[in-house]
Chemist: 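This is the structure I want to talk about, given as structure tokens.
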Protein chains: 2
Amino acid sequence: MDNIIPLKDTSLDETFSKYEAKFKALADQKRLHILNLLCKQESTCVCDLSELIEMPQSKLSYHLKILLDAGLILKETKGTWSYYRINQEEINHLLSPELCCLFRPSCC
Amino acid sequence: MDNIIPLKDTSLDETFSKYEAKFKALADQKRLHILNLLCKQESTCVCDLSELIEMPQSKLSYHLKILLDAGLILKETKGTWSYYRINQEEINHLLSPELCCLFRPSCC
DNA sequence: TAGTTAAATCAAAAAAAATTGATTTATTTT
DNA sequence: AAAATAAATCAATTTTTTTTGATTTAACTA
């Protein structure tokens, strides 16, 4: 019968760890810019986004993966193309209504 | 007559830059833990916090400075002591009501 | 006043994250 | 089928952030 009285609050640690990943994903100008563009675009493929944001493809893919892993965006693959869009629900759970406006189409 | 039609939206860049700093401050487990503790503590000096969180003083001061520079906490100095407390207003502007609960005393 | 304590800062080292250009895999087009 | 395109991944490098322990400055305390 171990761990009846845990020495530390593990669930709180896990909570912090979870949000750390999400805030890390948000903690970058380029990624905030990507999120802002994805808002206005419905669903966009990497090559179009790459032109829009003026960023080389491999670099963009790197940043998209970080946003995807954090659950802030969603991906749908059609053939060779990957279409990304914002995960509005997740953004809404995370950010203030006021801030959501930066990352929500036709709000405010 | 320069810059009548700016090539880029500078104000949006500035906005992203501002939030980048704030999210960077939030993008760390230890700092989230500090914020959570400061919520429950009213106002706390570094030495007490250092014991609570089991973190050496210089390391704690480093992280407190990051939170302070981002405007997420406030500092008041009394003699040799520095008392830190959460900047509730700023947190509320930034995070969802649901998330604010993690960093707000007696909420939820 | 001398000794102690609080907390910020510093410089060096370690760790983590970002950038770059090339490669790979799969798909589409000609 | 061959050439071209989309996008993920990789390895090497660069940049940024964090950690560590020591030092400094100021203010308490005995």
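Throughout, protein chains are lettered first and strands after them, A, B, ... in sequence-line order, and every chain is numbered starting at 1.
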Chemist: Could you go step by step and tell me if A:Tyr19 and B:Leu99 meet the side chain to side chain contact (heavy atoms under 4.5 Å, CB included) rule?
Modeler: CA-CA 10 Å; A:Tyr19 285 114; B:Leu99 238 183; 3.8 Å; yes
Chemist: Quick one: B:Glu20 CD to C:dA17 P, roughly how many Å, whole number?
Modeler: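 B:Glu20 atom CD is separated from C:dA17 atom P by 15 Å.
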Chemist: Starting at the 5' end of DNA chain D and moving along, which residue's nearest nucleotide shows up first, A:Cys47 or B:Ala27?
Modeler: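 With A:Cys47 and B:Ala27 compared, the 5'-side residue is A:Cys47.
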Chemist: Please give, in whole Å, the distance from D:dT15 P to A:Lys30 NZ?
Modeler: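 After rounding, the gap between these two atoms is 14 Å.
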Chemist: Could you tell me the separation between the CZ atom of B:Phe23 and the CG atom of B:Asp28, rounded to the nearest 0.5 Å?
Modeler: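 With rounding to 0.5 Å, CZ (B:Phe23) is 15.5 Å from CG (B:Asp28).
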Chemist: Please give, in whole Å, the distance from C:dA7 P to B:Ile73 CD1?
Modeler: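 Checked: the CD1 to P distance equals 13 Å.
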Chemist: Once you round it to whole Å, what is the distance between P of D:dA6 and CD of A:Glu51?
Modeler: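 Atom-to-atom, A:Glu51 to D:dA6, this comes out as 9 Å.
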Chemist: Looking at every strand, decide which applies to A:Lys78 at a 4.0 Å heavy-atom threshold: base, sugar-phosphate, or nothing.
Modeler: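 No contact.
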Chemist: From CZ of A:Phe23 over to P of C:dA17, roughly how many Å is that when rounded to an integer?
Modeler: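 To the nearest whole Å, that distance equals 16 Å.
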Chemist: Just wondering, do B:Leu94 and A:Ser96 contact through their side chains at under 4.5 Å, heavy atoms?
Modeler: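 A:Ser96 vs B:Leu94: side chains apart.
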Chemist: Using a heavy-atom cut-off of under 4.0 Å over every strand shown, decide if A:Leu64 touches base, sugar-phosphate, or nothing.
Modeler: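 Since no nucleic acid heavy atom lies under 4.0 Å of A:Leu64, the category is nothing.
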Chemist: Hey, does A:Ser61 reach any base, or is it just sugar-phosphate, or nothing, if we go heavy atoms under 4.0 Å?
Modeler: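 Base contact - A:Ser61 has a heavy atom under 4.0 Å of at least one base atom.
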Chemist: Could you give the distance from CD1 (A:Ile86) to OG1 (A:Thr44), rounded to the nearest 0.5 Å?
Modeler: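 Reported to 0.5 Å precision, the distance equals 10.0 Å.
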Chemist: Identify whether any heavy atom of A:Tyr84 sits under 4.0 Å from a base atom; if not, whether one sits that close to sugar-phosphate; answer base, sugar-phosphate or nothing.
Modeler: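 Sugar-phosphate, backbone atoms only, no base.
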Chemist: Is the distance from OP1 or OP2 of D:dA8 to the nearest side-chain N or O of A:Lys65 less than 4.0 Å?
Modeler: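 No.
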Chemist: Through what angle, rounded to 10 degrees, does the axis of the helix from C:dT1-D:dA30 to C:dT30-D:dA1 turn between its ends, using five pairs per end?
Modeler: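 Here the local axes at opposite ends form an angle of 20°.
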Chemist: Think B:Ser82 has a side-chain N or O under 4.0 angstrom from the OP1 or OP2 of C:dA8?
Modeler: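 Yes, B:Ser82 has a side-chain N/O under 4.0 Å of OP1/OP2 on C:dA8.
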Chemist: Please work out if A:Thr77 contacts a base, only the sugar-phosphate, or nothing of the nucleic acid, heavy-atom cut-off 4.0 Å.
Modeler: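 Touches nothing.
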Chemist: Can you check the A:Met55 CE to D:dA6 P distance for me, whole Å?
Modeler: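 The distance from CE of A:Met55 to P of D:dA6 comes to 18 Å, rounded to the nearest Å.
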Chemist: Is the phosphate of C:dA16 approached by A:Lys24 (side-chain N or O, under 4.0 Å from OP1 or OP2)?
Modeler: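 No, A:Lys24 has no side-chain N/O under 4.0 Å of OP1/OP2 on C:dA16.
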Chemist: Atom OG1 of A:Thr15 and atom CD of B:Gln29: how far apart are they, to the nearest 0.5 Å?
Modeler: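 Going from the OG1 atom of A:Thr15 to the CD atom of B:Gln29 covers 10.0 Å.
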Chemist: Roughly how far apart are B:Asp48 CG and B:Gln41 CD, rounded to 0.5 Å?
Modeler: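 Here the interatomic distance stands at 8.5 Å.
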Chemist: In whole angstrom, what separates B:His63's NE2 from D:dT20's P?
Modeler: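 Result: 9 Å.
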Chemist: Measuring to OP1 and OP2 of D:dT20, would you say a side-chain N or O of B:Lys59 lies under 4.0 angstrom away?
Modeler: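 B:Lys59 to D:dT20 OP1/OP2: side-chain N or O found under 4.0 Å.
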Chemist: Might you work through the side chain to side chain contact (heavy atoms under 4.5 Å, CB included) test for B:Asn36 and A:Phe16, ending with a clear yes or no?
Modeler: CA-CA 10 Å; B:Asn36 181 251; A:Phe16 292 147; 3.5 Å; yes
Chemist: Taking atom types as they are modelled, is there a donor-acceptor pair under 3.5 Å from the base of C:dA6 to the side chain of B:Gln57?
Modeler: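 Such a pair does not exist between side chain and base.
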Chemist: Assign each of A:Trp81 and A:Arg31 to its nearest nucleotide of DNA chain C by heavy atoms, then name whichever residue's nucleotide is nearer the 5' end.
Modeler: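 With A:Trp81 and A:Arg31 compared, the 5'-side residue is A:Arg31.
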Chemist: Would you call B:Asn87 and B:Leu68 a side-chain contact if the rule is heavy atoms closer than 4.5 Å?
Modeler: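 Answer no - side chains too far apart.
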Chemist: Scan A:Leu60 against the nucleic acid and name what it touches under 4.0 Å (heavy atoms): base, sugar-phosphate only, or nothing.
Modeler: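 Result for A:Leu60 = nothing.
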Chemist: Output the rounded distance in Å from OH (A:Tyr62) to P (C:dA16).
Modeler: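 One finds 13 Å between P of C:dA16 and OH of A:Tyr62, rounded.
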